[in-house]
There are 2 protein chains.
Amino acid sequence: MSVIFNYGMPGLIALLPSALRTRLVALAVPLRYRDKQHIQSRGDRTQGLSIIQSGAVCFGKVDSEGRFMTAAVFEAGQCYGEFTLFAGLPRTHDGYAEGDTVISYVSKARFDQLLDEEPSLGRIYNSLLTIRMHYLLEWLDDLRRYPLKYRLGKTLLMMQAEAGTGRIDITQGALGEIMGVSRVAVAKVLADYRRRGFVRVVYGGLEIADEAALRDWLGTFAAVESIAPLVPLFPALGQG
Amino acid sequence: MSVIFNYGMPGLIALLPSALRTRLVALAVPLRYRDKQHIQSRGDRTQGLSIIQSGAVCFGKVDSEGRFMTAAVFEAGQCYGEFTLFAGLPRTHDGYAEGDTVISYVSKARFDQLLDEEPSLGRIYNSLLTIRMHYLLEWLDDLRRYPLKYRLGKTLLMMQAEAGTGRIDITQGALGEIMGVSRVAVAKVLADYRRRGFVRVVYGGLEIADEAALRDWLGTFAAVESIAPLVPLFPALGQG
DNA sequence: CCCAAACTGTAAACCGGTTTACATTCTTAT
DNA sequence: ATAAGAATGTAAACCGGTTTACAGTTTGGG
């Protein structure tokens, strides 16, 4: 049930015109993290913008029983830290690297200065935040309305579109974490998909065996409009 | 399960310095709607900013069975239409007036011009969108983690804080719609609260009988930090 | 004043997820 | 080659919600 901020959703990198991107990155310090390395804690007071150059960052919180619950995964091209930049909040989530990860970090002071010099940066941020809000609301709506056997199929189609290849390398446990459900629930749905001939499950991943059939079947739950990458939904954001 | 964009969350009106507020409202056309009157449809192409002066607007979508599902309720002081302003999207939700409602409507052309003349407006919008995102994520987190008997209590406390008085005038059906659950589920929780002495249920509403006890009991589920109005959470946004 | 409409209370059957448990299969390191 | 670890498959008991149903209560309009 965590939001994956990717799958065709444009990130800051994609939205910035290249000149501005160059200036912004020039202000940044590169930070390197190894897989699973801790990046930030809920409550931290560091203020600044982080841009993910490679790898991914997993955000979440520890619940009262001490278990980590994923809220969102941000992949390369996405940025985070707006809460500290625009609302003066402390970090609201714990974050760790998902795979070896490189981050460009821009301090709040430097970011604010660039924001003064380049009003277009503010505009772009308005767009970015709006897009995220839209994406979040769509995803939330799916969550309310549709059962796992719809949401998982939709997610798999998006993953495949993102990956390009037919093979999706992810364990059922990780899938469960992303969808916010247990491994068992994922396995049940995949068993059903397997019987229907939609997927082939292999050790440590799966393949979409019949994409068209899966897409059709998902269509019986809901219009599958938004399974396509999201970019075409944002006509205002042609190039970046 | 719909988001109520209020309960101490600052809206555009609260964030704008008064001079800018005056300028913005001067650009607006007032629109009046009666209770339950239709305001917009998903897919509409009108672009502009709407500021709720009084009343409230309920947003949602019709699902495949034709039932309306509420996604969010915006109250006086809040604005909407950012998706059309910043991302060029058509309206993503149906909207209708909840109570007699007056809206200040600013066309995209006029808004864009003001945005050019007043860079601070863009900054304020960055803050506003950030706050909303934060609020949404918090709320989503509650939704994942905690059962209705926690969420409903928290919502009632917020409603009471907002209303000021002890009496909360809302039917159980409407409560269910807000919480995104059935009326029966609400009634079950309220029956339990009644037995525990937290609330008194009356026709068409309820009263918090023992706020301290309710708050304590909710504290056994989770730290109740965010039940207080949200404004103090945003130190960067002192005055507006 | 009374009836219709709106609202509340509660029960029963159901459903989609959870947790726990355990057997099985696949991979990798030694 | 094999043992250990990781991942999958599946079943059972459980739980928090849903839907449906119906009876009882309150309110407001004619």
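Since the model is a prediction, treat every value here as computed from it, not as a measurement. The sequence lines fix the lettering, A, B, ..., with proteins before strands; numbering per chain opens at 1.
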Q: Using atom CG of A:L190 as one end and atom P of D:dG9 as the other, report the distance to the nearest whole Å.
A: 8 Å
Q) Tell me: CG of B:L148 to P of D:dC15, nearest whole Å? A) 17 Å
(Q) Looking only at the side chain of A:R151 (C-beta and beyond, no hydrogens), which of the listed nucleotides C:dG9, D:dT10, C:dG17 gets closest? (A) C:dG17
Q. Nearest of D:dA7, D:dT18, C:dG9 to any side-chain atom of A:T171?
A. D:dA7
Q: Report yes if some heavy atom in the side chain of A:Y150 is under 4.5 Å from a heavy atom in the side chain of A:D142; otherwise report no.
A: yes
(Q) Would you say B:Q172 places a side-chain N or O within less than 4.0 Å of OP1 or OP2 belonging to C:dA6? (A) no
**Q.** Minimum-distance nucleotide (side-chain atoms of A:R194 versus D:dT10, D:dG17, C:dA6)
**A.** D:dT10
Q.
Please check this pair: side chain of A:Q40 against backbone of A:H93, looking for a donor-acceptor N/O pair closer than 3.5 Å.
A. yes
Q: Scan A:F68, A:F59, A:Y33 and name whichever one has a ring-ring contact (aromatic ring centres under 6.0 Å, His included) with A:Y96.
A: A:F68
Q) What integer distance in Å separates B:L206:CG from D:dT25:P? A) 20 Å
Q. Rounding to a whole Å, what distance do you find between A:Y146:OH and D:dG17:C1'?
A. 19 Å
Q: Please examine the side chains of B:T130 and B:M133, heavy atoms only from C-beta on, and report whether any two atoms are closer than 4.5 Å.
A: no
Q: Write down the distance between CD1 (A:I170) and P (D:dA7), rounded to a whole number of angstrom.
A: 11 Å
Q.
How many whole angstroms separate atom CG of A:D169 from atom P of D:dA6?
A. 18 Å
Q) Between the base of C:dG9 and the side chain of B:R183, is there a donor-acceptor distance below 3.5 Å? A) yes
Q) Taking OH from A:Y203 and P from C:dT27, how many angstroms apart are they, rounded to a whole number? A) 7 Å
Q) Closest to the A:V184 side chain: D:dA7, C:dT20, D:dG17? A) C:dT20
Q: Please determine, for the side chain of A:S182, which listed nucleotide (D:dA7, C:dT19, D:dG17) has the closest atom?
A: C:dT19
Q | With B:I103, the side-chain contact (heavy atoms from CB on, under 4.5 Å) member among B:I39, B:L49, B:I51 | A | B:I39
Q.
Classify B:K188 by what it touches in the nucleic acid, base, sugar-phosphate, or nothing, heavy-atom distance under 4.0 Å.
A. base
Q | Nucleotide nearest B:A187 (side chain, heavy atoms from C-beta), chosen from C:dA21, C:dT10, D:dG17 | A | C:dT10
Q) Roughly how many Å is it from CZ in A:F221 to P in C:dG16, rounded to a whole number? A) 9 Å
